[in-house]
Amino acid sequence: MLDSVASVRDFAFAARETSALPIRFEAVTFAAGPTRILHGVDVTLVPGSPTVLMGPNGCGKTTLLKLAMGLLTQIGGAITFAGGPAPAGSRAIVFQKPIMLRRTAAANVAYALRAAGKPADEANVRRLLDLAQIAPLAARPARRLSGGEQQRLALARALACEPQVLLLDEPTSSLDPASTKLVEDIIAQVSASGIKVVMATHDIGQARRLAGDVVFLAKGRLIEHAAADRFFNDPVSEEARSFLAGNLVI
Amino acid sequence: MKAHGLLIAFAATLLLLTPQAQAQDKSIVVASTTSTQDSGLFGHILPMFKAKTGIDVKVISQGTGQAIDTGRRGDADVVFVHAKAQEEKFVAEGFGVRRFDVMYNDFILIGPKSDPAGVKGGKDIVTALKAIEAKASPFVSRGDKSGTHAAELALWKVASIDPAGTKPSWYREIGQGMGAALNTASAMGAYVLSDRGTWLAFKTRDALEISIEGDKRLFNQYGIILVNPEKHAHAKKELGQAFIDWVISKEGQAAIASHTINGEQLFFPNAGGATN
Amino acid sequence: MDGATAFDLILSGDRTLFAIVRLSLTVTVLATLLAAVVAMPLGAAVALTRFPFRNVVIVVLNGLMGLPPVVVGLMVFLMLSRSGPLGEMGILFTPTAMTIAQAILVAPIIAALTRQLIEDLWTEYRDELTAMEVGPIGRVQTLLWDARFSLVTILLAGFGRAAAEVGTVMIVGGNIDGFTRVMTTTIALETSKGNLPLAIGLGIVLIALILAVNALAWSVREWAERHAG
C-alpha cells in the first residue's frame, strides 16, 4: 500500500504547481434542448481533500462534472481554472459506466499514456496497473473484466495523463462492497498524493468516508456548499436535511 | 497492427496463385456463339490449335448479334458466328476484314413428345410453324438477336406469320441462350428451334424430341471474320489470321469434322475461301 | 467436364475445377480487399464528419448496397471496352476487369456498414476520447482498430456478395474457359447446357467454400477477441 502511494506521488504530485486550481463556477447555466439542467451555479473548488457532489438523481451532478471536463459547454456563466482555461492534460474523468477500449487492460493504459504524450513503456503501464491493483489482469481483454475491475482500470487510465483534477461520476454505483472498498482506497491514495478529486455520489456513507467538502445540488441549483463535518452534522437547507434523513427528495 | 501484415501477406499469396495466363501475350479473343461453345466444339478443336501454334484462344460465347457487336467495339480479334446477312453487313461496314465460310450444321424443330400441334415427322418447317400457330401450341423463341433467333424469324416470315410483332400468348421470347431455351421448352412443353449441335450436347431432354429435320431451309452456315485492324489498331491481326487460316485449312476442317457426340457428327466443314 | 459430377471432379482432384475455384477465390478476395481499402476510410469519414446533405449521402450509400450486379457489369463493360474511355488499357475480358467490377459492387456495402458501425462505436467512445484529448486522426485510427472484429464481419458480407454474384463477372469477364471462368459462371454455363447435376454439384461446392471462408474468419475472430478484445 505504501508503495502505491509513493508511486502516485512520483508522477502525479512531483513538484507541480496546481495551475488548474481553484476551479471557479460562476453563474453556470446549462440546458439540453428546452430543459434547464443547471440554474446559475456559483461554486469554487479549492485544493485539498475530495469535493463530493451530492443530491437527488437528476440534480445536475453528472452535468457539472462533464462541464468541468469540457465535454459539455455551458450556455451561460463561466468556468475557470486558476483564473483561466484548463491547461491541457490537467483534467481527467472516470464515468459512471466505464468505457473500455476493445483491447487488453494493459493496452488501455498504454493508449491513455500515448494520448497524454507520456512514454507508454512497460514500466509506466505496470505502475498504473499496480496502482489500480489490476496488474495480474494486464493481458485480459478490458471488456471481459468485471465491473469493479473495469472501474479500477478506468481510474488507472485517467491517471495516465498525471492530472491535477480527477473527476469521478459515481464510480462505485454498481459495485459490491468489496469492489467499492478497493476503489475508495485508490481514491484516497490519489487524493493523498495531491490530486484534487471531485466526485459525484449518491452513497451517503461513501461521502462521509471521503469528502473534505460537499456540494449539495437539487433541481439544478446549488443548495449548500460546506465542509463535510458541517454538512453532515448540521445541514442548513431543508432539502439537505431531508436527503440526509433518507427521505425521498424529488 | 499484426493483422494488417497478415492481410497483406494473404493478398500477396493470392496474387502469386493467380493463373499466369495474363503473362502470355500469345493469345486472341474470339467472339463466338453459344452453339459452338455449348456443343463442345471449342473444347475439342482449341487444344489442337494450341498444340500446333502455341496460341491461346479465349472464347467469349454470346448470341451472334452480341458477338458481332463485341467485334464491332474492338473487344475481340476474331468473330465466329452464324448469321450470314449480319456478318456481311459487319464486313461491309469495315469492321471485319473478310468473311470465310467454315462449316455448317442444321437447325431442327424440337417439340414435346406429346406433339400437341401434330407436326412430328414432317419435312416442311413452314407447314409445321403454321400448324403451331393454328393450334396455338407453346413456342419458345430465343429472342436474343442470336443467329438461331434470326433464322427462326426468317422462317416465320416465309410462313407469313409475325408472332414477334403480334406477340400471341403462345409465343414466348426468353432472351437467353440456346441451352436456356431448351430448358425452358422442356419445362413448358413447348416447341423450339435449335441448332443440332446444342441439341446433341444437351443433357436434360426429358420430354423433348426432334419434330422436324432435313428441310433445306434449316441449313445453318457458320462464318469467321478477322476484326479490322484499321478500325481497331490493337486487334491482333497476325494471331487472329493464324487462327482463321487454321480453321479453314485441311487440318482445321478435319478437326471440326472429328467432333462427335455419341458417334454423331455435329458440324460439317465446308470452307471454300472468302465469300466477299 | 462432360459426363462427370462435381463430386467425381473433387474426388479426382480435377485440375480444371481447382483452377476455377482458385480464380473465384482470387478475384473475390482481391475485389473485397480493394473495395475495403477505399470504402472503410470513406465510411469512417462519413461517420465522423458533419457536412451539408450528409443525410442524403447516407441514404445514397445505403441504397447503393442494392446495386444490381448486371448494371455494374454493364457500366464497367462500357468503360473498359475498346470503344470505351478506358479501352486503351485492354483489360476487358480479364480477371483484372472482374476484380474491378466486383470491387465496385461490394464497395458501397462495405462503406455503408462501416459508416453505421463506426458511428455507433463513436457514440460510445466520444466522451472518453474527447476527455483524453485525442485528435481527429487518432480518433479514426482508434475506432477502426477497435472495430476490427466487426469490420471482419463486414468484409465477409462483401465477400459473400461478390462470391455469389454472376452478372458482373459474366459481362466483364466473358466466361472464357481457363481464363475468366469462375464458379458462378460455370454454374450458369452448365445450367444452360442442361447439365443440371454438374451445375448443382458445383453450386454445392460454392456454398461449401463460402461457408468454409466464413467459418475460418469466425474462428479467427473468436480466438482474437478472447485474447485481445
Side-chain angles (χ1 to χ4, degrees), chain A residues 62-63 65-73 85-118 120 138-145 150 153-154 156-163 165-169, chain C residues 36 40-41 43-45 47-50 55 110 113-157 217-229:
Chain A
T62 298
T63 303
L65 288 171
K66 285 192 172 177
L67 284 166
M69 190 64 217
L71 298 174
L72 297 174
T73 307
S90 62
R91 300 167 289 180
I93 190 167
V94 172
F95 299 103
Q96 182 172 1
K97 197 173 170 296
I99 298 159
M100 293 288 106
L101 301 180
R102 286 150 173 81
R103 309 160 187 233
T104 62
N108 265 268
V109 172
Y111 182 91
L113 283 167
R114 275 194 303 274
K118 311 281 182 205
R140 292 265 296 278
R143 286 159 58 84
R144 290 181 184 239
L145 300 177
Q150 289 195 358
L153 177 55
R157 214 171 47 185
L159 291 169
C161 70
E162 300 172 22
V165 181
L166 179 62
L167 307 161
L168 306 173
D169 189 6
Chain C
M40 281 187 173
L48 299 179
T49 49
R50 297 292 175 271
N55 288 343
I110 295 179
L113 295 178
T114 302
R115 202 272 312 161
Q116 186 69 55
L117 174 71
I118 295 298
E119 206 165 314
D120 291 349
L121 194 61
W122 174 234
T123 306
E124 184 189 332
Y125 276 17
R126 180 167 40 211
D127 280 350
E128 190 67 53
L129 297 192
T130 309
M132 288 195 219
E133 297 170 4
V134 177
I137 293 169
R139 287 174 192 175
V140 173
Q141 285 174 346
T142 304
L143 290 166
L144 284 176
W145 178 248
D146 278 28
R148 60 199 180 278
F149 301 118
S150 305
L151 288 174
V152 168
T153 307
I154 290 176
L155 279 183
L156 286 179
W218 187 83
S219 349
V220 169
R221 180 189 159 140
E222 273 298 291
W223 181 87
E225 221 173 346
R226 193 166 305 127
H227 290 83

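So that the names make sense, note that chain A is the first sequence line, chain B the second, and so on, each numbered from 1.
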Inset, instruction - Determine, stepwise, if the pair A:Met69 / C:Asp127 fulfils side-chain contact (heavy atoms from CB on, under 4.5 Å). - result: CA-CA 10 Å; A:Met69 190 64 217; C:Asp127 280 350; over 6 Å; no

Look up atom [atom1] in [X] and atom [atom2] in [Y], then write down how far apart they are to the nearest 0.5 Å.
X        : Y        : atom1 : atom2 : value
A:Arg102 : C:Trp145 : CZ    : CH2   : 14.0 Å
C:Arg126 : A:Ile99  : CZ    : CD1   : 10.0 Å
A:Tyr111 : C:Asp146 : OH    : CG    : 7.5 Å

Interface moiety of [X] toward chain C, non-hydrogen atoms closer than 4.5 Å:
X        : result
A:Arg114 : neither
A:Ala92  : neither
A:Ala88  : both

Inset, instruction - Kindly give the heavy-atom pair with the smallest separation between A:Leu71 and C:Ala131, and that separation in Å. - result: CD2-N, 3.8 Å

Legend entry - C:Glu124 and A:Lys97 ion-paired at < 4.0 Å: no

Inset, instruction - Apply side-chain contact (heavy atoms from CB on, under 4.5 Å) to the pair C:Met132 and A:Arg157, showing each step before the final yes or no. - result: CA-CA 9 Å; C:Met132 288 195 219; A:Arg157 214 171 47 185; 3.7 Å; yes

